[in-house]
Amino acid sequence: MMVQPTRRSILLGGVALGASGLLPPAYAQTPSKGGTLIYATVSGPGTLDPHVSSSLVELEVIHNVFEGLVALDHANATKTMLASTATASADSKTYTFVLRRGVKFHTGAEMTSADVKASFERYQRVSPNAENFSVVDHYETPDPYTFVVHLKAPNYVFLDILKSPIFPLMILPASESAKPARGIDIVGTGPFALGEWVKDGHLTIKRFDGYAVDMSSPGRDGYAGRKIAYLDAVRFNFIPEASTRIAALQTGEAQLASNIPSELRHQVESQSKLAIHEVFPVGGSYIILNSQYGLTSNVLIRQAVAAAINISDITDATGGLNKPNPWMSFPNTPYYLGTTTPTPWYNQNNPAKAAALLKQAGYNNEKIIIETNDNYDWMKTTMLVVQAQLQAAGMNVDVRVVDWTTNAADMQEHTGQWNLSTTLFGPDHILGPQEWRPLLYGFPNIKGNTALDDAYAAFFASPGLDARRAAWLTIQQQVLGGGYMVKIADSGRLFGYAKTLHGQTDYPGILQLWGLSLA
Amino acid sequence: MTPAIRLILIKLLQAVPVVLIVSILAFLVLNLLPGDPAVIIAGDQATPAAIEAVRHSLGLDRPFIVQLGIWFLHIVHGNFGNSLVLNQTVASAMLQRLPVTLSLAGLSLAITLPIGIGLGSLAAYYRGSWIDSSVMTVALVGVSVPSFWVAGLAVALFSVVLGWFPSSGYVPFAQNPAQWLRALLLPSIILSLFEIGFLSRMTRSAMLDVFGQDFIRTARSKGISEWRIVSKHAFRNALVMVITATGILLSAAIGGSVVIEQVFALPGVGRLVVEGILARDYPLVQGVMLIYGLTFVLINLIVDLAYSFADPRVRYD
């Protein structure tokens, strides 16, 4: 998932995952109910329709108001949430969900399989992620608490698709099913319900006292588990300037603030009543090479670019929370391939090799165009360092700065004239290869790579995790080894908080407000 | 028909082509910008087909001239259209945010006028003295120092250290007038720093012109008090320039409050425009530009009318 610009945000570094491993795990007191948490966040949501939401500022509200059948647990595995069980048939063509009883929407009505079916159908109709559901043949609701999905072909990762925190498949009342994208009433089953929403000003969510806690779980567990809301309400104040967010913390006007720039963290830490929480990993930064435009349509040129890159120079220049990782999966996720498998494409820092590849490609000092933007400092800084590294390897490089909206559209729609750009991808590093697929083909504009096509076909056809991991290795060898993308590093975000705010999770997911309390 | 009413009608008629040109320019500029609202709305995992579907549903796949024609047709019917990303009409988005910007602009002008005119008059009266130099130095600093920098320092001092003002946010007047004032006072003061600098320089210049004229010397020779000379004779004659400057300042405050709204997280029209441009929200930006155009025309009209009150020699018949 790529970062989105603001409303949807201007989320400096804001990817999909982010905030809520908020506090260090040392809080042992029994939390008491009450209080309103003021959260200083970058900007307000454009919509709270979960089926079409992909920006962090929207998802930070959505994940506290809505719930899905399944969710990511603390270890990023699939865990039931509104379902009590989720069972795949032996051939993985039929998935049966038994729903938890007594789950209520914020209207007070009980959730049934009719609501689930209507939500799935609406998702297929309005969500940009609907393509993942093209495998669905039909749905069935044999009784009010059973929901069955029949697929056209075996799919071993169907539950992984359902647990995505981006474009989350949240369950809405059936009465919302006919409504267009962004046109729903904000009614979910989550521990908080929408209160007041003043666009561009603030948004308030209030504890839903009719919330049906999942008592089958011993405690909170990622996006799932036992969700107990202690706060009476949470007010999101939209404050675009980082220094003003920090000032809000310092004056006590806010108890939590997102996206603290690393160069300003000392302003928070210098006050004894405040602290910084590092949420890591949140995403991975990449250089994107346009494989269908000009020089970078030549694999040798792309590999020359990859050979010239020195990762530590880039991360030193950009600052922030960064750790090297050659893979497109975070450590401690099922598809992470470890530290022993060779990754010759990563952090090569080898200008001589780059020069040799350029010579082999017949490069004759033609212009290589980098497109970046001035909305995100780290992106521009990254590309200025890359420009210097490529020039040192003998390339003729121009940097063109546009705004993020243009930059993003050029990468997604393959418009503009550019060879290199950069972006940040988020939860795809957790969710695995099936989530990466549209991005991999889309951003570098990969066409005609049969080895990649075959690897993906093998991935989807493999019932066992080991075989799917082997396919994932091939995919990364093609994408990163073929110079379609160059991985820079895994990155995180900084949150500032008042020490009066308690409640703990070390899970680096999107802001989770259950379990938090104010002393 | 009285001359004033005729003036209003003429000015309003003159405003039609101005507003027309402003709206066409806004439409053209936005449409010529690269970047696509359909991509933003569809999300970053959207397929080309999904993006195309969004584009079609928004009417963005129609020819430019058709989109422009439809927009004008809606405007004639008083419909400014729907924001592409806010899920609300442009009119309601504007109405929601306009009080914030008008409050900010109004309050800053209320601070600016007495201080700017007072300092400018003082500097003119004591021309060449240390008072004149001090006032002009302060004015120069006011017009030169970037407001975002001053805003940062002011927040650090008055909000964080002294705790006199909130660091951000807005409270509607109807909800709590005292909190409204408290929330807007610091941003208004910062916005007025530039305005005070500008107005005091303009006032000084206008007053100096007047002080050098024969009727002032005559007034002094008649033994009229200095206070009366300055306040009644000199200032009255300098008022036309002051009114002109005030009109410019009000327009500048409304159009230029973007930075202050950003720093203090005030949900005003300035932030609305910035976010609209970033999201390529064509109807929103076009609507705001149109309303801005109308507002500036209205301010100019008020300034023109004010001339006749300030200077009896100004007649419109």
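Chain identifiers are assigned alphabetically (A, B, ...) following the order of the sequence lines, protein sequences preceding nucleic acid strands; residue numbering begins at 1 within each chain.
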| query | Would you say A:Arg125 has more than 12 foreign heavy atoms packed within less than 6.0 Å of its CZ? | reply | yes
| message | Quick check: do B:Arg280 and A:Asp403 have side-chain heavy atoms less than 4.5 Å from each other? | response | yes
| Any chance NE2 of B:His77 has more than 12 other-residue heavy atoms, nucleotides or ligands included, within less than 6.0 Å? | no
| task | Let me see the working for A:Phe238 and B:Arg271 under side chain to side chain contact (heavy atoms under 4.5 Å, CB included), right down to the final yes or no. | result | CA-CA 11 Å; A:Phe238 312 139; B:Arg271 271 178 72 190; 4.0 Å; yes
| Interface moiety of B:Leu266 toward chain A, non-hydrogen atoms closer than 4.5 Å | neither
| message | Report which part of B:Val155 has an atom under 4.5 Å of a heavy atom belonging to chain A: side chain, backbone, both, or neither. | response | side chain
| query | Hey, what do you get for CZ (A:Arg182) to CG (B:Leu84), rounding to the nearest 0.5 Å? | reply | 9.5 Å
| field | Separation of B:Tyr170 OH from A:His202 NE2 (nearest 0.5 Å) | value | 12.0 Å
| request: Might you confirm whether atom CG of B:Leu162 has over 12 heavy atoms from other residues, nucleotides or ligands at distances under 6.0 Å? | output: yes
| message | Testing A:Thr251, A:Ile246, A:Leu249, A:Ile239 one by one against B:Ser167 for a side chain to side chain contact (heavy atoms under 4.5 Å, CB included), which residue passes? | response | A:Thr251
| Considering all heavy atoms, the nearest B:Val263-A:Thr244 contact | O-OG1, 2.6 Å
| remark: Here the gap from B:Ser168 atom OG to A:Arg245 atom CZ, rounded to the nearest 0.5 Å, amounts to 10.5 Å
| request: Supply the atom-to-atom distance B:Gln96 CD to A:Lys199 NZ, rounded to the nearest 0.5 angstrom. | output: 7.5 Å
| message | Check this for me: B:Met94, atom CE, are more than 12 non-hydrogen atoms of other residues, nucleotides or ligands nearer than 6.0 Å? | response | yes
